[in-house]
Undergrad: 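Before we start, here is the structure in question, set down as structure tokens.
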Amino acid sequence: MSHFTDLAHQYIDGEWKPGSGSWDIIDFNPYTGEKLASITVATAGEVDRAYRAAERAQAEWAETNPYTRRLVFERALRIVEDREEEIAETIVAELGGTRLKAAFELHLAKEFLREAVQLALRPEGRILPSPVDGKENRVYRVPVGVVGVISPFNFPFLLSIKSVAPALALGNAVVLKPHQNTPICGGTLVAKVLEEAGLPAGLLNVVVTDIAEIGDALLTHPVPKVISFTGSDKVGRHVATVCAQNFKHAVLELGGNSALIVLDDADVDYAVDAAVFSRFVHQGQVCMAANRILLDRTVEEEFTEKFVAKVKTLRVGDPADPATHIGPLINSQQAEAVSSLVDQTVAAGATALLHGTVDGNLVSPSVLTGFAPDAPVLGQEIFGPVALIVPFDGEEEAVRIANDTPYGLSGAVHTGDIERGVRIAKRIHTGMIHINDGTVHDEPIVPFGGEKHSGIGRLNGEAMVDSFTTQKWISIQHGRSRFPF
């Protein structure tokens with residue numbers, strides 16, 4: 001794992017250096033407990049240096065021909081393809097992702113790099129008519145300048161690239177702060193790939209640090225104009241508040257509590273497969289995961305029996321073993337939190353059809369049912385391998401239960417009648433919902449994001465242009481204006 005130590009630095013203004021904080025972030029393998037690296041934290045002073053470097057480098061980058069800018073992302077894509085096995089091993093080691101999950105994350109990361117190549121040429125100016133004779137109105141699309149990106153621990157390589165590459169392709173500079181549990185995959189590995197791809201120094205800076213060290217310096221700094229944050233709604237609320245106070249635009253991709261609805265005319269075997277994947281992929285540490293599985297009473301018994309039987313076959317263990325379905329949670333706090341939530345929910349009267357056990361950071365699946373309608377567990381996001389089964393009587397009740405949560409990120413409806421599925425999908429307050437499929441999807445040109453507490457704004461495709469550029473009106477008066485005095 002020597003490359004962990006090579007990447008265990010801050011990356012500021014094209015230089016790899018240790019931070020100058022007074023303590024270290026220790027990067028552990030969540031399965032073995034092995035120490036992968038230690039990184040001395042960046043201070044608020046280093047955050048300032050990173051933003052100033054970004055500001056200096058951005059002016060020239062914005063003037064660079066977009067056809068030249070996009071070459072960086074073509075080369076980055078080739079580097080990721082060439083090193084795919086090494087990056088997959090890093091994902092397995094640093095975040096406990098299974099081999100399947102690492103392949104899924106890398107597949108999407110490559111798709112988003114391909115899209116970044118296209119995005120460099122996407123912004124278009126417009127000429128608009130004027131009520132004033134002789135006036136020409138030009139509207140230019142220009143980069144916002146510097147973007148701050150804060151990425152999470154669950155898909156760190158993908159979710160850093162997803163904001164970083166488009167922001168850069170559109171002519172901005174970036175300061176990236178990865179999650180402290182995934183500083184390599186979410187931070188310095190991304191910087192290394194782009195550095196080797198020929199991105200000029202200063203345009204991407206990575207600060208590995210913690211709010212305990214820098215407070216809100218990343219958000220309040222005068223340089224960044226946009227903050228792209230992916231994480232929990234609790235932290236997202238804080239980010240949004242601080243950004244608003246400082247006149248910054250926040251793009252927030254937050255948690256979810258998605259419902260997968262199985263109607264009376266669904267293909268039950270297929271719905272079971274979709275539900276098992278949607279709940280248990282990456283140990284359930286996915287914002288789009290199917291937290292709640294809503295079943296029409298006519299299919300409840302058959303579905304539940306088949307679902308529990310399939311969940312029992314999932315292999316929990318070493319994420320490096322290709323046969324493993326469920327690896328470790330990211331750290332012991334998460335493992336303990338998920339385990340105690342299950343215990344509390346059962347103590348409050350729910351029935352455990354499967355009651356998971358904990359072994360280190362490995363948590364085996366739980367399947368719970370029989371909740372009181374106001375059970376707190378139904379309204380919250382569970383970042384772990386816990387499925388909640390909720391029966392309903394008829395479509396109206398399905399829609400009401402699905403919407404009875406502060407979140408609105410993803411969802412799914414299973415039915416033999418596609419248009420019936422669409423009618424129900426339209427009534428669910430969510431940014432994304434899928435008919436006859438799982439709840440976990442992301443595509444490079446489709447607007448991605450949530451409603452309610454699941455976030456503000458969208459990413460992907462055209463939404464990247466909206467998020468990371470601004471519009472500038474330049475008018476030209478051909479002839480002379482008449483002024484009233």
Side-chain angles (χ1 to χ4, degrees), residues 31 96-101 104 154 256-262 266-297 299-319 321-330 334-335 337-346 350-371 375 377-378 380-392 410-414 434 436-440:
Y31 177 66
T98 60
R99 299 296 306 198
L100 175 86
K101 189 270 184 187
F104 183 61
N154 58 343
N257 180 15
S258 299
L260 185 145
I261 300 171
V262 185
D267 175 336
V268 171
D269 292 318
Y270 176 65
V272 165
D273 289 348
V276 171
F277 177 80
S278 300
R279 176 62 271 192
F280 297 108
V281 63
H282 194 40
Q283 297 73 273
Q285 300 174 118
V286 182
C287 51
M288 296 172 275
N291 243 23
R292 299 170 299 150
I293 297 161
L294 276 44
L295 305 176
D296 188 283
R297 281 199 199 270
V299 296
E300 180 189 8
E301 192 179 337
E302 182 193 358
F303 180 98
T304 304
E305 195 177 305
K306 289 175 170 175
F307 181 80
V308 171
K310 179 153 180 154
V311 173
K312 280 180 177 167
T313 68
L314 298 178
R315 290 184 55 168
V316 181
D318 182 353
D321 179 344
T324 297
H325 299 103
I326 295 182
L329 294 186
I330 190 72
Q334 293 284 125
V338 168
S339 159
S340 68
L341 179 69
V342 170
D343 293 343
Q344 286 161 17
T345 305
V346 170
T351 306
L353 303 172
L354 268 184
H355 195 303
T357 55
V358 183
D359 175 12
N361 293 338
L362 289 175
V363 179
S364 64
S366 293
V367 180
L368 309 179
T369 191
F371 309 97
V377 73
L378 293 174
Q380 68 195 76
E381 176 175 45
I382 306 174
F383 232 54
V386 182
L388 312 178
I389 289 187
V390 183
F392 63 83
S410 185
V413 182
H414 280 254
H434 308 285
N436 292 340
D437 208 341
T439 58
V440 180

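The figures that follow rest on heavy atoms only: side chains count, while hydrogens, waters and symmetry mates do not. Keep in mind it's a predicted model, so treat the numbers as computed, not measured. All residue numbers in this chain count up from 1 along the given sequence.
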Undergrad: For the residue pair S364 and D359, establish whether any side-chain heavy-atom pair is separated by less than 4.5 Å.
TA: no
Undergrad: Using 0.5 Å steps for rounding, measure from the CD1 atom of I326 to the CG atom of L100.
TA: 11.5 Å
Undergrad: Return the minimal non-hydrogen interatomic distance between P319 and G96, and the atom names on each side.
TA: CB-O, 3.5 Å
Undergrad: Look at the side chain of T439 and the backbone N and O of M288, then say whether any donor-acceptor pair between them is shorter than 3.5 Å.
TA: yes
Undergrad: Look at the side chain of T304 and the backbone N and O of E301, then say whether any donor-acceptor pair between them is shorter than 3.5 Å.
TA: no
Undergrad: Given 3.5 Å as the limit, does a donor-acceptor pair link the side chain of N257 with the main chain of L378, or not?
TA: yes
Undergrad: Going from CZ on F303 to CD1 on I389, what distance comes out if it is rounded to the nearest 0.5 angstrom?
TA: 6.0 Å
Undergrad: To the nearest 0.5 Å, what is the distance between NE2 (H414) and NE2 (H434)?
TA: 10.5 Å
Undergrad: Is the shortest side-chain heavy-atom distance between T369 and V367 below 4.5 Å?
TA: no
Undergrad: Quick one: does L341's side chain get under 4.5 Å of V386's, heavy atoms only?
TA: no
Undergrad: For V316 versus P365, what's the shortest heavy-atom pair and its separation?
TA: CG2-CD, 3.9 Å
Undergrad: Tell me the closest heavy-atom pair linking D437 and L260, and the distance in Å.
TA: O-CD1, 4.2 Å
Undergrad: For G284 versus A289, what's the shortest heavy-atom pair and its separation?
TA: O-CB, 4.3 Å
Undergrad: Mind checking the CG-CD1 spacing from L388 to I293? Nearest 0.5 Å is all I need.
TA: 8.0 Å
Undergrad: Where is the tightest heavy-atom contact between C287 and F383, given as atom of each residue plus distance?
TA: N-CE1, 3.8 Å
Undergrad: Is a side-chain donor or acceptor of Q283 paired with a backbone partner of P328 at a separation under 3.5 angstrom?
TA: yes
Undergrad: Under the criterion side-chain contact (heavy atoms from CB on, under 4.5 Å), which of V342, T345, N291 is the partner of V377?
TA: T345
Undergrad: Where the side chain of T324 meets the backbone of T98, is there a donor-acceptor pair that is under 3.5 Å apart?
TA: no
Undergrad: Do any N or O atoms from the side chain of Q285 and from the backbone of I330 form a donor-acceptor pair under 3.5 angstrom?
TA: yes
Undergrad: Counting N and O atoms only, with roles assigned by atom type, does the side chain of S278 sit under 3.5 Å from a partner on the main chain of A274, one being a donor and the other an acceptor?
TA: yes
Undergrad: Report yes or no: does S366 contribute a side-chain atom to a donor-acceptor pair with the main-chain N or O of G356 at less than 3.5 Å?
TA: yes
Undergrad: Distance check, rounded to the nearest 0.5 Å: H355 atom NE2 versus L368 atom CG?
TA: 7.5 Å
Undergrad: If you round to the nearest 0.5 Å, how far is CZ of F392 from CG of L295?
TA: 7.0 Å
Undergrad: Are Y31 and L362 close enough that some pair of their side-chain heavy atoms sits under 4.5 Å apart?
TA: yes
Undergrad: Quick test of your reading: applying salt bridge (Lys or Arg N to Asp or Glu O under 4.0 Å), list the pairs with at least one residue in residues 270-291, sequence neighbours left out, ordered by first then second residue.
TA: D273-K310
